[in-house]
Amino acid sequence: MVELVSKTQSFDGSQCQYSHRSEVLNCEMRFSIFLPSQAEKDQRFPALYWLSGLTCTDENFSQKAGAQRMAAELGIALVIPDTSPRGDDVADDEAYDLGKGAGFYVNATQDPWKPHYRMYDYVVEELPKLVEQHFPVSDRRAISGHSMGGHGALTIALKNPDSYTSVSAFSPICNPIACPWGEKALAAYLGADRALWEEYDATALLSRATERLPILISQGEDDQFLEEQLKPSALKTAAQAAGYPLKLEFHAGYDHSYYFIATFIEQHLRFHADYLLHND
């Protein structure tokens with residue numbers, strides 16, 4: 001059951017926000033969805049799932065990225081979940097990089113997080129099932145994201161290569177087992193066993209992947225988090241060692257903001273369209 005929160009027209013399509021009760025997260029959740037105008041009554045659109053970064057909600061991408069124009073032109077739905085469970089009963093932390101707004105797209109196994117923080121299952125299973133049941137959206141999916149959401153997109157795609165046609169990321173946290181953001185979050189959500197953390201580390205997952213997905217990563221050279229937190233060089237090294245095709249592009253002058261995303265979102269949507277819109 002989904003309940004409409006807001007709806008507005010954009011490029012002849014509809015940008016909407018819905019709420020629903022999540023059984024996986026055990027709380028009320030919101031997500032945003034953009035649907036192009038339907039040319040045919042029974043048309044179902046392939047979907048790009050977008051995962052946002054630390055401190056964000058489902059609204060940041062829909063309001064700041066400017067993705068609707070190209071999504072409408074290509075005929076692709078945009079599905080944008082929140083970044084973490086919400087509600088008064090949901091555990092939180094005073095810091096911005098843990099708790100609400102910082103779910104890291106994992107299934108938490110530690111208290112006080114495990115009753116609600118199962119964002120991995122929510123994105124992989126519950127939300128697509130809900131969207132495909134209630135909207136003209138097909139099960140042909142791609143996934144993308146920014147920063148913490150880039151980490152989520154990469155790890156989810158690498159762990160579920162049969163569920164996505166392609167994956168891309170802006171400024172992703174590529175090696176969270178070896179950066180302050182990741183070490184803090186993974187220790188809290190998963191416990192002290194670092195071997196368990198590797199199941200949510202794109203560099204570790206890519207190094208042992210047996211299937212190949214098209215991957216595009218865009219990284220700003222003036223990103224203030226580049227060296228300490230994001231570590232794309234670790235992912236590049238793993239890809240080279242594994243013979244995994246990875247398109248990693250660095251862009252001079254760009255930082256970690258949505259100005260960077262808005263500049264290159266058309267490239268990413270066209271990248272995904274090449275795979276979403278063709279069955280071979």
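Numbering of residues begins at 1 and proceeds along the displayed sequence.
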Nearest 0.5 angstrom please: [X] [atom1] to [Y] [atom2], how far?
X      : Y      : atom1 : atom2 : answer
His278 : Thr165 : NE2   : OG1   : 11.5 Å
Ile265 : Arg69  : CD1   : CZ    : 11.0 Å
Gln219 : Lys231 : CD    : NZ    : 12.0 Å
Ile173 : Thr203 : CD1   : OG1   : 11.5 Å
Ser62  : Phe34  : OG    : CZ    : 11.0 Å
Arg141 : Ser166 : CZ    : OG    : 13.0 Å

Does the side chain of [Y] come within less than 4.5 Å of [X]'s, by heavy atoms?
X      : Y      : result
Phe135 : Val79  : no
Ile261 : Lys64  : no
Met70  : Arg270 : yes
Arg30  : Tyr18  : no
Pro81  : Leu51  : yes
Leu25  : Tyr117 : no
Arg212 : Tyr244 : yes
Asp58  : Trp50  : no

Under the 3.5 angstrom rule, does the side chain of [X] hit a backbone N or O of [Y] as a donor-acceptor pair?
X      : Y      : value
Glu126 : Glu23  : yes
Thr83  : Cys56  : yes
Arg44  : Pro136 : no
Asp223 : Gly220 : no
Asn160 : Ser163 : no
Asn107 : Asp121 : yes
Ser144 : Ser168 : yes
Asp92  : Lys100 : yes

Item to complete: Show your reasoning for whether salt bridge (Lys or Arg N to Asp or Glu O under 4.0 Å) applies to Arg140 and Glu132.
Response: CA-CA 10 Å; Arg140 194 159 179 84; Glu132 290 158 21; over 6 Å; no
Applying the 4.5 Å side-chain criterion to the ILVMFWY set and letting contacts propagate, would [X] and [Y] be lumped into a single cluster?
X      : Y      : answer
Leu186 : Leu206 : yes
Leu230 : Leu216 : no
Ile80  : Tyr120 : no
Met148 : Ile177 : yes
Tyr258 : Leu78  : yes

Would [X] and [Y] count as having a side-chain donor-acceptor pair, cut-off 3.5 Å?
X      : Y      : answer
Asn26  : Arg21  : yes
Asp255 : Gln224 : no
Gln15  : Gln9   : no
Ser147 : His256 : yes

Worksheet item: Which of these passes side-chain contact (heavy atoms from CB on, under 4.5 Å) with His146: Ser171, Ser218, Ser52?
Response: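 The single option meeting the side-chain contact (heavy atoms from CB on, under 4.5 Å) with His146 is Ser171.
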Worksheet item: Which of these, Asn175, Ile217, Leu248, sits in a side-chain contact (heavy atoms from CB on, under 4.5 Å) with Leu235?
Response: Ile217
Fill in: Test log, rule ring-ring contact (aromatic ring centres under 6.0 Å, His included), inputs Phe260 and Phe170
CA-CA 8 Å; Phe260 175 46; Phe170 290 84; 5.7 Å; yes
Practice prompt. Before giving the answer on side chain to side chain contact (heavy atoms under 4.5 Å, CB included), spell out for Met1 and His134 the whole-Å C-alpha distance, their side-chain angles and the decisive distance to 0.1 Å.
Written response: CA-CA 8 Å; Met1 185 69 179; His134 291 281; 5.6 Å; no
Worksheet item: What do you reckon, is CZ of Phe250 surrounded by more than 12 foreign heavy atoms closer than 6.0 Å?
Response: yes
Worksheet item: Are more than 12 heavy atoms from other residues, nucleotides or ligands located less than 6.0 Å from atom CD of Glu227?
Response: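 Not more than 12 within 6.0 Å, no.
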Indicate, with yes or no, if the rings of [X] and [Y] have centres closer together than 6.0 Å.
X      : Y      : answer
Phe271 : Tyr275 : yes
His20  : Tyr122 : yes
Phe104 : Trp181 : no

Practice prompt. Look at Glu199 together with Arg208 and state whether they make a salt bridge at an N to O cut-off of under 4.0 Å.
Written response: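 Counted as a salt bridge, because a side-chain N and a carboxylate O are separated by less than 4.0 Å.
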Worksheet item: Tyr200 ring centre to Lys159 NZ or CZ under 6.0 Å, with the angle to the axis within 45°?
Response: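 Yes, a cation-pi geometry holds between Lys159 and Tyr200.
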